[in-house]
Amino acid sequence: SMAMSSAVLDGALFIGTYNLMFGAEVWRSEDGSAWAQVNTDGFGGTNPANNVGAYSMEVFNGKVYAGTWASGLLNFPGAPSKVWRYDDVPAWVQVNADSYGGTSNAEPWAMEVFPGGLPMLYVGVANYPDGAGVWRTHNGVSWVQANNDGFGNANNDEITALSYFDGFMYAATLNDATGLEV
């Protein structure tokens, strides 16, 4: 029902969608006119009990990464946040433990690459009981949390954006109690 994320790799545009009926789809185009789906609906999730939306997408180390979650499934509140790597048509490989090994890490709204001597991929996830988390990887498969939950404020429920600027990674939060924080 909506495009949620996008990335460009090797002259191809990738668009990640939200599809409550069949699960997230990722579409690829090399000319902006002809499109081909490059994943199975919901990344193979069942029912589609997970992977309803491809919330975020980024290119890291020459691969496209997509963050998914089961948004909108009220009967499945413990849905895991997942990160997938595109290896080739139509193979996508999950590269994190479900919800990074926790139970409350939800929507992966934001992804960003921190360049430098050791580039890292960052993913910002919602976490309603504890406060939002930022997770990072240097190799695309080993993940560590890069912040304290909610940056020390449990009301910082979501990471809505990540941006690299002038040598630093910035995270923007959703905070309905006291207002957003950066």
Side-chain angles (χ1 to χ4, degrees), residues 1-7 16-20 23-24 26 42-58 60 64-85 92-114 119-165 168-182:
S1 60
M2 81 171 112
M4 296 192 81
S5 56
S6 63
T17 71
Y18 177 90
N19 186 324
L20 188 57
V26 178
F43 293 81
T46 58
N47 200 19
N50 46 31
N51 312 317
V52 173
Y55 281 67
S56 55
M57 195 175 290
E58 189 68 51
F60 178 65
V64 175
Y65 287 76
T68 64
W69 189 67
S71 173
L73 297 180
L74 299 177
N75 60 344
F76 196 66
S81 176
K82 297 180 180 183
V83 177
W84 303 85
R85 182 185 65 230
W92 287 80
V93 176
Q94 185 178 345
V95 294
N96 72 322
D98 286 359
S99 294
Y100 305 93
T103 58
S104 300
N105 292 313
E107 302 107 325
W109 286 109
M111 273 190 193
E112 182 70 85
V113 173
F114 188 94
M120 292 191 201
L121 176 63
Y122 283 73
V123 178
V125 298
N127 187 316
Y128 298 99
D130 304 319
V134 177
W135 293 81
R136 71 178 177 208
T137 180
H138 69 281
N139 61 9
V141 294
S142 299
W143 296 85
V144 297
Q145 189 167 353
N147 72 320
N148 294 324
D149 290 341
F151 299 98
N153 182 346
N155 292 317
N156 287 325
D157 296 323
E158 298 178 8
I159 304 295
T160 57
L162 290 170
S163 292
Y164 171 79
F165 176 70
F168 295 94
M169 184 65 71
Y170 290 84
T173 69
L174 170 82
N175 182 322
D176 288 329
T178 58
L180 72 90
E181 295 181 4
V182 177

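In this chain, residues are counted from 1 in sequence order.
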Minimum heavy-atom separation for [X] and [Y], please, with both atom names.
{"X": "Ala7", "Y": "Val64", "result": "CB-CG1, 4.4 Å"}
{"X": "Ala154", "Y": "Pro129", "result": "CB-O, 4.2 Å"}
{"X": "Leu162", "Y": "Ala171", "result": "CD2-CB, 3.6 Å"}
{"X": "Trp92", "Y": "Ala66", "result": "CZ3-CB, 3.9 Å"}
{"X": "Gly16", "Y": "Ala54", "result": "CA-CB, 3.8 Å"}
{"X": "Gly133", "Y": "Gln145", "result": "CA-NE2, 3.8 Å"}

What I'd like to find out is whether the side chain of Ile159 reaches to under 4.5 Å of the side chain of Thr173, using heavy atoms alone.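 They are in side-chain contact.
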For [X], side chain to side chain contact (heavy atoms under 4.5 Å, CB included) partners two or more places apart:
{"X": "Val141", "answer": "Arg85, Val95, Asn139"}
{"X": "Asn153", "answer": "Asn155, Asn156, Asn175, Thr178, Glu181"}
{"X": "Gln94", "answer": "Lys82, Trp84, Asn96, Asp98"}
{"X": "Tyr164", "answer": "Glu112, Phe114, Pro115, Met169"}

With sequence neighbours left out, what residues match [X] under side-chain hydrogen bond (donor to acceptor under 3.5 Å, both in side chains)?
{"X": "Tyr65", "answer": "none"}
{"X": "Ser104", "answer": "none"}
{"X": "Tyr128", "answer": "Glu107, Glu158"}
{"X": "Thr17", "answer": "none"}

Could you go step by step and tell me if Trp69 and Asn105 meet the side-chain contact (heavy atoms from CB on, under 4.5 Å) rule? CA-CA 10 Å; Trp69 189 67; Asn105 292 313; over 6 Å; no
side-chain contact (heavy atoms from CB on, under 4.5 Å) for Trp109 and Leu174? Distances and angles first, verdict last. CA-CA 11 Å; Trp109 286 109; Leu174 170 82; over 6 Å; no
Residue list, ring-ring contact (aromatic ring centres under 6.0 Å, His included) with Phe151, at least two apart or on another chain: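 With sequence neighbours excluded, Phe151 shows a ring-ring contact (aromatic ring centres under 6.0 Å, His included) to no residue whatsoever.
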Calculate, to the nearest 0.5 Å, the distance between atoms [atom1] and [atom2] belonging to [X] and [Y] respectively.
{"X": "Trp143", "Y": "Trp135", "atom1": "CH2", "atom2": "CH2", "result": "10.0 Å"}
{"X": "Asn19", "Y": "Met4", "atom1": "CG", "atom2": "CE", "result": "11.5 Å"}
{"X": "Ser1", "Y": "Tyr18", "atom1": "OG", "atom2": "OH", "result": "6.0 Å"}

Could you walk me through whether Tyr100 and Val123 pass the side-chain contact (heavy atoms from CB on, under 4.5 Å) test, one step at a time? CA-CA 11 Å; Tyr100 305 93; Val123 178; 3.4 Å; yes
Is the backbone N or O of Ser99 less than 3.5 Å from a side-chain atom of Ser81, with the two atoms forming a donor-acceptor pair by type?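 Not confirmed, Ser81 side chain does not pair with Ser99 backbone.
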